[in-house]
Amino acid sequence: MNESKQLDSAKRGAAKLVLVVVGMFGFGFALVPLYDIICDVTGLNGKTSGKYVSEQSLKIDEERTVTIQFLANNNAGMPWEFRPVSRSLEVTPGELNATEFFVRNPAKSSITGQAVPSVTPFRAAKYLHKTECFCFEQQQLASGETLQMPLRFIIDSEMPKDITKLTLSYTLYDITEQVSGDLAAD
Amino acid sequence: MDKAKRCKWLIALSLLMSSSLAFADWSALNMRQGVTEISQEVYGLHMIMFWVCVVIGVLVFGTMIISMLMHRKSLGVKPATFHDNTTIEIAWTIVPIIILVVLAIPATTTLTKMYDTGDTEMDIEVRGLQWKWQYTYLNDDPSKEISFISSMITPQEEIYNRAPKRENYLLDVDNELVIPIDTRIRFLITSGDVIHSWWVPDFALKKDAIPGFIHELWTIVDTPGTYRGKCTELCGPYHGFMPVVVRAVEKDEYAAWLLEQQAEAEKVFEIVGKQWSEEELMVEGEEVYLRACASCHQVNGRGLPPAFPSLVGQGLAVGPIEDHIDIVLNGKPGSAMQSFSKQLNAAEIAAVITYERKSWGNQAESVQPKEIFEMLEAQ
Amino acid sequence: MSAVIEEHHHDDHHHGPAKGIMRWVFTTNHKDIGTLYLWFSFAMFLLGGSFALVIRAELFQPGLQIVEPEFFNQMTTMHGLIMVFGAVMPAFVGLANWLVPMMIGAPDMALPRMNNYSFWILPFAFTMLASTLLMEGGGPNFGWTFYAPLSTEQGPPSTTFFIFAVHLMGISSIMGSINVIVTILNLRAPGLTLMQMPLFVWTWLITAFLLIAVMPVLAGVVTMMLMDIHFGTAFFNAGGGGDPVLFQHVFWFFGHPEVYIMILPAFGVVSAIIPTFARKRLFGYASMVYATSSIAFLSFIVWAHHMFTVGMPLAGELYFMYATMLIAIPTGVKVFNWVATMWQGAMTFETPMLFAIAFVILFTIGGLSGLMLAIGPADFQYHDTYFVVAHFHYVLVPGSVFSIMAAVYYWLPKWTGNMYDEALGKLHFWLSFVGINVLFFPQHFVGLAGMPRRVPDYNLQFADYNMVSSVGAFLFGFSQLLFLFIVIKCVRGGVKATDQVWEGAHGLEWTIPSPAPYHTFTTPPDLKDISEAHG
């Protein structure tokens with residue numbers, strides 16, 4: 001009698017633990033959006049956020065200027081020529097700035113590219129507001145095609161004063177296959 | 001201020017302790033002290049930690065050994081019956097906490113210094129690629145920007161034990177990263193494929209190079225010299241063959257080196273960067289062909305088949321240009337066709353390929369030096 | 001071998017084990033399953049060890065002599081995976097199966113059928129994993145930590161089988177842990193409270209909770225890999241909006257508790273053995289329980305100390321440094337407690353005690369180098385060098401593995417009814433002890449001097465120490481054949497063991513006959529002297 005009661009409660013306990021297991025499996029996946037949120041809030045890993053829409057105009061800090069440096073690199077297998085039109089800009093925090101990146105597809109076929117931004121120092125990432133960026137969308141270039149890709153950004157005047165120089169790096173990925181895979185899947 | 005002072009004191013103490021053991025050849029067994037202020041501090045931290053661990057070890061193991069010698073049944077002892085003691089248990093919880101807090105102070109100071117993001121005098125991009133490093137000295141004037149690949153030059157014969165191994169076995173590269181001393185330099189670390197890790201032990205710099213991400217490090221090197229490190233993140237089969245070599249030189253020596261490199265870069269930039277007309281390519285191409293190709297493929301392009309294939313109206317010279325470029329750049333394994341990517345510059349390669357595709361009645365498309373240059377860069 | 005093991009059960013009561021191979025296939029008996037786990041893990045220990053010997057043979061001298069770099073990477077990867085998931089974890093599950101019911105006065109594990117499944121998944125999982133070495137493109141070659149994008153974008157075709165194998169091991173561990181938890185919580189003999197349980201039961205209870213918390217996360221991360229490889233998702237590919245660093249965060253969220261999964265039961269084993277041979281009660285039982293729980297809790301909040309060089313903001317770096325340093329406190333409490341248990345005891349030094357003492361000393365060395373590694377700025381110099389290799393091998397080999405060996409020697413007379421050969425046991429101990437230190441101690445030095453881990457070749461200045469290390473590896477490796485011989489000899493016969501076996505042994509498992517009958521505690525034991533139960 002007592003024994004079967006024990007077994008019943010053991011089975012109930014096991015069922016609860018299975019729920020914990022399922023929950024933890026879900027938690028593993030929940031870490032993905034959770035990580036993105038943490039990155040957004042803390043600038044962990046130098047991730048910049050998406051398109052910036054300002055409710056009110058930002059305060060301009062005339063007192064100082066900040067140097068922003070641009071890097072452009074290709075990931076393995078990406079044949080495009082990719083470079084910033086200017087290597088660096090001296091900007092006033094709070095003001096809107098614009099620059100361009102040049103791309104050319106020297107390959108014989110059309111290629112779709114996706115640029116991935118990253119900022120260092122990480123602390124600066126959340127103060128870099130991009131109002132327009134080619135990294136928000138994919139680019140498709142036909143063979144031999146060139147493009148001047150725009151970037152418009154504001155450095156927040158709230159950015160800590162000890163950051164005098166930041167680097168915005170773009171890595172260009174060839175995502176032709178993934179895009180065509182998506183189309184096939186549709 | 002006070003913290004910094006205490007930290008220095010601790011370092012001095014640890015240096016003293018380590019020097020008292022100088023009779024042992026520590027350098028081969030221990031962390032390198034290095035040649036930057038930070039690397040010295042890190043070494044100091046390491047030695048403090050080491051001695052703290054030694055002291056803890058001596059106390060714990062000493063107690064155990066005494067116990068093992070005295071409290072053995074064979075000596076006829078009767079076992080005691082105590083099995084807890086709140087006072088002593090609280091003590092050995094609190095004392096380690098105090099020790100840890102004391103250790104955390106200098107560690108925090110040093111870490112904060114490492115994360116200092118103040119102004120730097122020069123910026124170098126370090127890009128990990130399977131299995132080499134690309135260094136770019138960033139410059140606002142693109143024509144003055146220097147960029148090169150640094151890969152290991154230890155020959156296969158040494159690796160496979162067919163030749164004696166030389167002093168810097170696995171630690172020699174074709175192009176060293178040259179930097180000036182007493183200059184605050186920022187390294188921007190990234191990768192073009194998988195994760196690598198750029199490590200120079202003498203600067204106490206190590207940072208993962210992650211595709212799609214940029215990280216930064218800074219250093220000021222005190223002493224001229226050649227400093228060697230390695231890739232420290234598994235990045236595929238040749239992970240072990242990806243050394244980092246940095247040569248720190250006096251400022252004027254660096255300036256001279258820089259001018260030389262920039263002159264070369266400017267030349268290449270000019271030659272390669274401009275759009276070449278077909279006539280220019282053909283003139284240059286004929287010259288290169290006669291110099292580098294004609295001895296096998298013959299002046300008339302007909303070669304000496306089967307050893308040296310004909311280039312006229314058949315094969316690679318009129319086939320897809322990618323294949324043609326590939327064989328000139330990389331050679332054909334198992335044949336006499338060697339790689340020309342190191343022997344000829346981008347302009348010469350473009351010219352000779354164009355020449356081969358448009359001579360002797362061939363009518364295939366041409367290629368610009370710039371395209372070849374990019375392919376060489378990407379290699 | 002099965003025939004041999006059957007022998008000692010012939011005098012069981014009427015519903016004894018079935019005969020022949022089917023006994024083992026269909027068994028739901030906790031002792032049979034424990035035996036299966038232990039033999040399986042020993043087989044994996046030899047397999048993983050032979051991979052380690054390939055590594056050490058290649059590293060015996062600078063230059064490439066025996067294997068190509070590509071195969072070398074497969075060896076390091078498979079060595080890690082097989083030792084962690086195939087040798088250490090199943091060995092502890094085997095010990096739990098044998099001992100937990102006997103220590104808490106339960107007739108068997110709570111869910112015997114599931115117990116059978118959770119074992120029999122393992123041979124399939126590891127056959128699949130090991131067979132990847134024979135597949136085209138070779139086995140996994142990206143390290144046991146399988147960092148993306150190396151594993152997702154450049155892994156061999158067999159990566160898919162690796163993923164399924166990890167899934168299977170995960171399911172096995174999870175089922176095993178659920179069983180341990182419900183057994184401990186529901187089947188304790190009446191009157192046996194949690195705070196009266198032997199520490200081995202406590203540490204396993206905590207370990208089981210860690211396992212069900214993190215094995216699903218591991219399953220999650222390999223599932224994401226699978227989807228990235230085959231279904232076009234981009235969890236870890238920056239080009240598709242993913243993040244390779246995310247992989248490391250998720251992996252180490254599993255990986256750090258995993259480290260404690262492999263050491264907490266070892267604490268339990270040592271906490272049983274030292275009091276027995278010191279003939280003195282365990283010092284600070286309650287603080288041992290609290291320390292173990294704190295270590296388990298801390299294991300969830302320190303994972304990024306494996307990632308100091310990955311580029312974190314200063315605040316993150318500091319947080320993980322401080323949190324990691326905290327682990328030293330409960331760990332220190334445990335070590336001090338063991339030393340205090342020995343203090344003023346009346347010690348004898350039979351083989352289990354030798355392994356347990358070596359465990360305390362060498363695990364402490366590994367713990368101290370761990371404390372050094374916790375210091376962020378210094379870790380930049382240590383990270384991914386042989387210093388780290390030395391550190392975690394000190395914790396895992398003379399740590400976990402020595403504790404398993406100690407456990408086997410300690411409980412073998414109870415399991416088989418025969419004493420093992422003490423002289424050979426001591427010989428095995430000394431060969432292992434010398435071998436392990438010759439093997440791993442020099443690795444501290446080459447690591448500090450700058451030798452990265454996972455390299456098939458190294459600069460000339462590291463040659464001497466690598467040679468010494470390789471000699472130690474072969475000494476340690478081949479000594480384990482002696483262990484195999486001793487165990488087989490003991491199973492086949494020997495001096496009959498008494499029920500208590502060891503003079504100072506206390507606890508329910510020592511109140512039953514030796515060898516332990518096929519069924520024990522079918523009626524709950526009388527706990528009149530329960531204070532002795534956690535002796």
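Computed from a predicted model, the values in this text were never measured in an experiment. Sequence lines set the chain letters: A, B, ... in the order given, protein chains first and strands last, and positions in each chain run from 1. Just so you know, these numbers use all the heavy atoms, side chains as well, and skip hydrogens, waters and symmetry mates.
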Tell me, out of C:A219, C:G242, C:G241, who's got the most heavy-atom pairs with chain A below 4.5 Å.
C:A219
If the threshold is 4.0 Å, N to carboxylate O, is there a salt bridge linking A:R83 and A:E81?
yes
Where does A:F29 contact chain C at under 4.5 Å (heavy atoms): side chain, backbone, both or neither?
both
Between C:D243 and A:Y35, is there a side-chain donor-acceptor contact under 3.5 Å, judged purely by atom types and distance?
yes
What part of A:V116 is in contact with chain C, defined as an atom under 4.5 angstrom from a non-hydrogen atom: side chain, backbone, both or neither?
side chain
Structural part of A:I175 lying under 4.5 Å from a heavy atom of chain C
side chain
For a quick check under 3.5 Å, do A:T65 and A:E90 share a side-chain donor-acceptor pair by atom type?
yes
Check each atom of C:I178 against the heavy atoms of chain A and say whether the ones under 4.5 Å are side chain, backbone, both or neither.
both
Leading residue by heavy atom contact count with chain C [cutoff under 4.5 Å; candidates A:V32, A:V20, A:T171]
A:V32
Would you check if the distance from the ring center of A:W80 to the ring center of A:Y173 is below 6.0 Å?
no
Which of A:G13, A:G113, A:G28, A:S9 touches chain C most, by non-hydrogen pairs under 4.5 Å
A:S9
Residues two or more places apart in sequence or in another chain: which of them pass side chain to side chain contact (heavy atoms under 4.5 Å, CB included) with A:T131?
A:Y52, A:L96, A:R152, A:I154
Which region of C:F254, side chain (C-beta onward) or backbone (N, CA, C, O), has a non-hydrogen atom less than 4.5 Å from a non-hydrogen atom of chain A, or is it both or neither?
neither
Within the 6.0 Å centroid threshold, strictly below: A:F101 and A:Y170:
yes
In sequence, state the C-alpha distance, the side-chain angles, and the governing distance for C:H383 and C:H306, and then conclude on side-chain hydrogen bond (donor to acceptor under 3.5 Å, both in side chains).
CA-CA 8 Å; C:H383 179 81; C:H306 297 268; over 6 Å; no
Non-hydrogen atoms of chain A under 4.5 Å away: do they reach the side chain of C:N179, the backbone, both or neither?
neither
Pick one of side chain, backbone, both or neither for A:V22, based on which atoms fall under 4.5 Å of a heavy atom in chain C.
neither
Could you tell me whether C:Y260 and C:H256 have their ring centroids closer than 6.0 angstrom?
yes
So, the part of C:I212 with a heavy atom under 4.5 Å from chain A: the answer is both
Looking only at C:A238, C:G170, C:A110, the option with the highest number of non-hydrogen pairs under 4.5 Å against chain A is C:A238
